[in-house]
Amino acid sequence: MAKKAMNICNVCCLLLYITTAVLASRDFYKILGVSKTASIRDIKKAYRKLALQLHPDRNPDDPKAQDKFADLGAAYEVLSDEEKRKQYDTYGEDGLKEGHHSSHNDIFSSFFGDFGFMFGGNRQQQDRNIPRGNDIVLDLEVTLEEVYSGNFVEVVRNKPVAKEAPGKRKCNCRQEMKTTQLGPGRFQMTQEMVCDECPNVKLVNEERTLEVEIEQGVRDEMEYPFIGEGEPHIDGEPGDLRFRIKVLKHPVFERRGDDLYTNVTISLVEALVGFEMDIVHLDGHKVHIVRDKITKPGARMWKKGEGLPNFDNINIRGSLIITFDVEFPQTQLDDQQKDGIQSILKQESVQKVYNGLQGY
Amino acid sequence: SGQQSVTGVESADDANSYWQIRGKPARPCQRGSAIKCGQAIRITHMKTGRNLHTHHFSSPLSNNQEVSAFGESGEGDDLDVWTVQCEGVYWERDDPVRFKHVGTEVFLSVTGEQYGHPIRGQREVHGMSSPNQHTWWRTMEGVFIQPSQEPLRHDEL
């Protein structure tokens, strides 16, 4: 009995040793919080969310913040690259080829822009005196499918960047009044342009790729800023590039807040005897509808949870509201059919006359 | 003609110099899709929402055809449409291209005439009837949107 217990103990110790040895190399999937089968879009989305949370400037009291942030950058760099991800999946972190360290700054700025420290969406207020280049606001059209499932848009930004150049240039030019003496008691005042001397700067075009996230549930006119990606300013900082979301109209669904509205035309027979059908939703999944009662024209069916995800909490969804209208038969009925219908339906003649426009 | 002027400026740091390439009226082009050589487009000024436009008016400095910016919020009229001429199948970013007006058949060009006060030094942009070395254009600074994948559909998994 004691021998058996000891063997189990040994096995446990061995297992513990092996697991710790494996954990010495980082689990990139865990760092990003994604499953092993995560799509590239899930990975980008996870990185963007965590990068904002884990940035060291946001966690000044955490001594491990730099390391956590560096781990995040390394995880994204490997898992977002098809080749590197394959190598990592097979051989682990040690199996990755050397020389793969692209700067985490580059990764961070492709999601947030050149300065990146835009917490709360506002620039730090220290730079009131530094002149700023123009902002660029660009409308970004998104489809309702993208609002439902989210997406990333890659954008190449080609912009002029101020670089040092040899020599000097004139800066801070201004008009000043200059007084010259023409003779005893006679003075002349003239306006003169006076400039300072500054290090020379030239504008060189540079390119980088930006990742714009279309978050689930995003609303019209919402903006995604990229700090420093706007127009340069020779004497100061560059402005920002802002993407303004414009949600396009959809041929099937109409958005109202988080709810979706759609219309279905059914035949008169279906309206009377019932029917079964599927509506294909924005991500391809089918919404099943069954009716076994009479469906009146204008009748509405409410499908909870089949609307759009709420931007602030994507676990909450709106509803899908389906309005039915009825298509009457196109061909006229002959006398025999008319008799048949009267006897089947047995509906008394109604012929009620009333004002239908009051209150409608 | 009293419409908004379009001029050429030398500075590369002016957000007022951005134009957006869009589809023909009532034929929106999909975000990120490449533009074919010969395709009809509209060129919309981003800050003012007016489209590059030309018509049978003389330009003030060179007596070529006046080019203006016309419309509201990106919608003007049929004289806002141009075809982009280039070699090959698609308009590549580094290609020199020409813009030929659909309607009056002129080519967008700048020959160097400069305005005086209050827009001193700005160059006149006009339309010329035949293509020449002044009718070549090239994209420079900008924001270039790449094509996207469709959001994944559940029934494809």
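Numbered from 1 within each chain, the chains take letters A, B, ... in sequence-line order.
- Residue B/Phe144 holds its CZ atom at 12.0 Å from CG of A/Leu210, rounded to the nearest 0.5 Å.
- Counted within 6.0 Å of CG on A/Asp312, heavy atoms from surrounding residues, nucleotides or ligands total more than 12; the atom is thus considered enclosed.
- Once rounded to the nearest 0.5 Å, the distance linking CG of A/Asn205 with CD of B/Glu141 reads 4.5 Å.
- The parts of A/Leu138 that come within reach of chain B are both its backbone and its side chain, each placing non-hydrogen atoms under 4.5 angstrom from that chain.
- Expressed to the nearest 0.5 Å, how far CG of A/Asp139 lies from OG1 of B/Thr44 amounts to 11.0 Å.
- Around CD of B/Glu87, the count of heavy atoms belonging to other residues, nucleotides or ligands within 6.0 Å does not exceed 12.
- For the atom pair CD of A/Glu141 and CZ of B/Arg22, the computed distance is 8.0 Å after rounding to the nearest 0.5 Å.
- More than 12 heavy atoms of other residues, nucleotides or ligands sit less than 6.0 Å from atom CZ of A/Arg174.
- In this structure, the side chain of A/Arg157 engages the main chain of B/Gly142 through a donor-acceptor pair within 3.5 Å.
- B/Lys47 is not listed as a side-chain neighbour of A/Val137, based on a closest heavy-atom distance of 4.5 Å or more.
- For chain B, no part of A/Tyr148 is nearby; none of its heavy atoms comes within less than 4.5 Å.
- Between the CD atom in A/Glu154 and the OG atom in B/Ser148 there is a gap of 8.0 Å [rounded to 0.5 Å].
- Residues A/Glu207 and B/Arg93 have side chains in contact (heavy-atom distance under 4.5 Å, counting atoms from C-beta outward).
- The contact between A/Ile214 and chain B is made entirely by side chain atoms (from C-beta outward), counting heavy-atom distances below 4.5 Å.
- Sparse packing is recorded around NZ of A/Lys49, with 12 or fewer heavy atoms of other residues, nucleotides or ligands lying under 6.0 Å away.
- Summarising the local packing, NZ of B/Lys36 is surrounded by 12 or fewer heavy atoms from other residues, nucleotides or ligands at distances under 6.0 Å.
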- Task: Just do the side-chain contact (heavy atoms from CB on, under 4.5 Å) check on A/Leu140 and B/Ile145 with the steps written out, would you?
- Result: CA-CA 9 Å; A/Leu140 189 67; B/Ile145 302 184; 3.7 Å; yes

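- Looking only at side-chain heavy atoms (C-beta outward), A/Val153 and B/Gln146 stay at 4.5 Å or farther from each other.
- Counting non-hydrogen atoms of other residues, nucleotides and ligands closer than 6.0 Å to CD of A/Glu221 gives a total above 12.
- At least one side-chain heavy atom of A/Val142 sits under 4.5 Å from a side-chain heavy atom of B/Arg31.
- Interface remark: A/Leu241 contributes side-chain atoms only to the contact with chain B (heavy atom separation under 4.5 Å).
- For A/Phe243, the part lying near chain B is the side chain, with the backbone staying farther off; criterion is any non-hydrogen pair under 4.5 Å.
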